[in-house]
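Could you have a look at this structure, given as structure tokens, before my questions?
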Amino acid sequence: MVHHLYFNDKLDAPRKSRFPERFMDDIAALVSTIASDIVSRFQKDTEMVERLNTSLAFFLNDLLSVMDRGFVFSLIKSCYKQVIRS
């Protein structure tokens with residue numbers, strides 16, 4: 001993602017306008033799918049769930065430095081809600 005921003009001269013652009021809306025929707029769908037996978041595997045494969053959860057956490061952490069932080073925090077909130085509901 002940073003590579004894309006660099007080559008499109010968008011590193012200095014405001015965070016909200018760095019990526020198209022469609023891409024942000026895709027990121028939200030990806031995070032939601034992974035969170036659902038974490039919830040569905042919770043009782044079956046705890047080791048896999050731990051790795052998935054850690055990878056998702058690092059991914060979201062990395063997004064905080066590149067994307068709109070409000071958007072990333074909304075992703076974190078939706079993941080939290082999915083896990084709590086289960």
Donor-acceptor check, side chain of S32 to backbone of A28, threshold 3.5 angstrom: yes or no? no

Which value, rounded to the nearest 0.5 Å, describes the distance between E47 atom CD and R41 atom CZ? 12.0 Å

Using atom types as modelled, flag every donor-acceptor pair under 3.5 Å from a side chain in residues 55-81 to any protein atom, sequence neighbours excluded.
{"from": "S55", "atom 1": "OG", "to": "R51", "atom 2": "O", "distance (Å)": "3.0"}
{"from": "S65", "atom 1": "OG", "to": "D62", "atom 2": "O", "distance (Å)": "2.8"}
{"from": "D68", "atom 1": "OD2", "to": "F71", "atom 2": "N", "distance (Å)": "3.4"}
{"from": "R69", "atom 1": "NE", "to": "L64", "atom 2": "O", "distance (Å)": "3.1"}
{"from": "S74", "atom 1": "OG", "to": "F71", "atom 2": "O", "distance (Å)": "2.5"}
{"from": "S78", "atom 1": "OG", "to": "L75", "atom 2": "O", "distance (Å)": "2.8"}

One should read off an interatomic distance between D12 CG and L5 CG, to the nearest 0.5 angstrom, of 10.0 Å

What verdict does the side-chain contact (heavy atoms from CB on, under 4.5 Å) test give for D26 and L30, after you've listed the backbone C-alpha separation in whole Å, the side-chain angles of each residue and the deciding distance to 0.1 Å? CA-CA 6 Å; D26 291 343; L30 174 69; over 6 Å; no

Looking only at atom types and distance, does a side-chain atom of N8 sit under 3.5 Å from a main-chain N or O of H4, one as donor and one as acceptor? yes

Over 12 foreign heavy atoms within 6.0 Å of CZ, F23: yes

To the nearest 0.5 Å, what is the distance between CZ (R18) and CE (M24)? 11.5 Å

The single option from V83, V49, I84 that satisfies side-chain contact (heavy atoms from CB on, under 4.5 Å) with V39 is V83

Looking only at non-hydrogen atoms, find the nearest pair between K10 and S17 and report the distance. NZ-O, 4.1 Å

